[in-house]
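Counting starts at 1 for both ligands and their atoms, following the listed order.
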Amino acid sequence: MSIFTKIAEGEIPSYKCAENDEFYAFLDINPLVKGHTLVIPRREVDYIFDMEDDELARFEVFAKKVAIAIKSAFPCVKVGQAVLGLEVPHAHIHLVPMQSEKDMNFANPKIGLSSEEMQAIADRIYQEFLKIK
Ligand code: AMP
């Protein structure tokens, strides 16, 4: 079972930002910026482009809602989207609120946030997500 499956099933704690029956969103534990969020399918699949077309379409539409919630909670120029998947073998979309393209540089040093700050960020995104659901 992948670490992200365990997160989606609540076996490993995470800072929940959004969810539905099929997908789950939570804060990246090593964020590039405040609001850096990961979106995953609950179903265990490694490579995003192994997903069937209809599942991939629903995944992207869910990510769109999460991005809208992030932008409401953390005003930014745009929410950037990236898929790497080099570290964790469970499909995930990175959503990163951007003030400039530099915010999407995954080689940047990560910002350190306390658990209280992480929880407050996740709660803000979750409240915005509930409004658009
Ligand atoms: P990649 O697979 O290259 O997209 O990188 C995996 C991402 O998952 C990294 O940005 C990590 O900081 C993040 N990550 C790894 N473990 C956790 C975790 N337990 N909770 C939240 N984010 C995680």
Item to check | Sidechain-backbone polar pair: Gln119 side chain, Ser114 backbone, donor-acceptor under 3.5 Å | outcome: no

Item to check | Which of the ligand 1 atoms, numbered from 1, are nearer than 4.0 Å to a heavy atom of His92 | outcome: 1 (P), 2 (O), 4 (O), 5 (O), 6 (C)

Checklist entry - For ligand 1, which atoms have a heavy atom of Leu38 less than 4.0 angstrom away? => result 8 (O), 13 (C), 22 (N)

Next on the checklist: Within ligand 1, which atoms have a heavy atom of Ile7 less than 4.0 Å away?
Outcome noted: 18 (C), 19 (N), 20 (N)

Next on the checklist: Would Ile29 count as a polar contact of ligand 1, with the cut-off being nitrogen or oxygen pairs under 3.5 Å?
Outcome noted: yes

Checklist entry - Nearest to atom 11 (C) of ligand 1 by heavy atom, Asp28, Ile12, Asn30: which? => result Asp28

Next on the checklist: I need the atoms of ligand 1 closer than 4.0 Å to a non-hydrogen atom of Leu84, numbered in the order shown.
Outcome noted: 3 (O), 4 (O)

Next on the checklist: Considering non-hydrogen atoms of the protein only, which is the closest contact for atom 5 (O) of ligand 1, and what is the distance?
Outcome noted: Glu87 CB, 3.5 Å

Just list the side-chain donor-acceptor pairs under 3.5 Å for residues 45-57, sequence neighbours left out, or say none.
residue, atom, partner, partner atom, Å
Glu55, OE1, Arg43, NE, 3.3
Glu55, OE1, Arg43, NH2, 2.9
Glu55, OE2, Arg43, NE, 3.0

Checklist entry - Is atom NZ of Lys110 surrounded by more than 12 heavy atoms (other residues, nucleotides or ligands) closer than 6.0 Å? => result yes

Checklist entry - Could Arg124 and Phe74 be counted as a cation-pi pair, given that NZ or CZ must be under 6.0 Å from the ring centre and within 45° of the axis? => result yes

Kindly list each side-chain donor-acceptor pair under 3.5 angstrom involving residues 88-95, sequence neighbours excluded, with atom names and distances?
residue, atom, partner, partner atom, Å
His90, ND1, Ser2, OG, 2.7
His90, ND1, Thr5, OG1, 3.2
His90, NE2, Pro41, O, 2.8
His92, ND1, His90, O, 2.6
His94, ND1, His36, NE2, 2.9

Item to check | Any donor-acceptor pair under 3.5 Å from Asn108 side chain to Leu32 backbone | outcome: no

Next on the checklist: Can you name the atoms of ligand 1, numbered from 1 with element, that are less than 4.0 Å from a heavy atom of Val88?
Outcome noted: 2 (O), 6 (C)

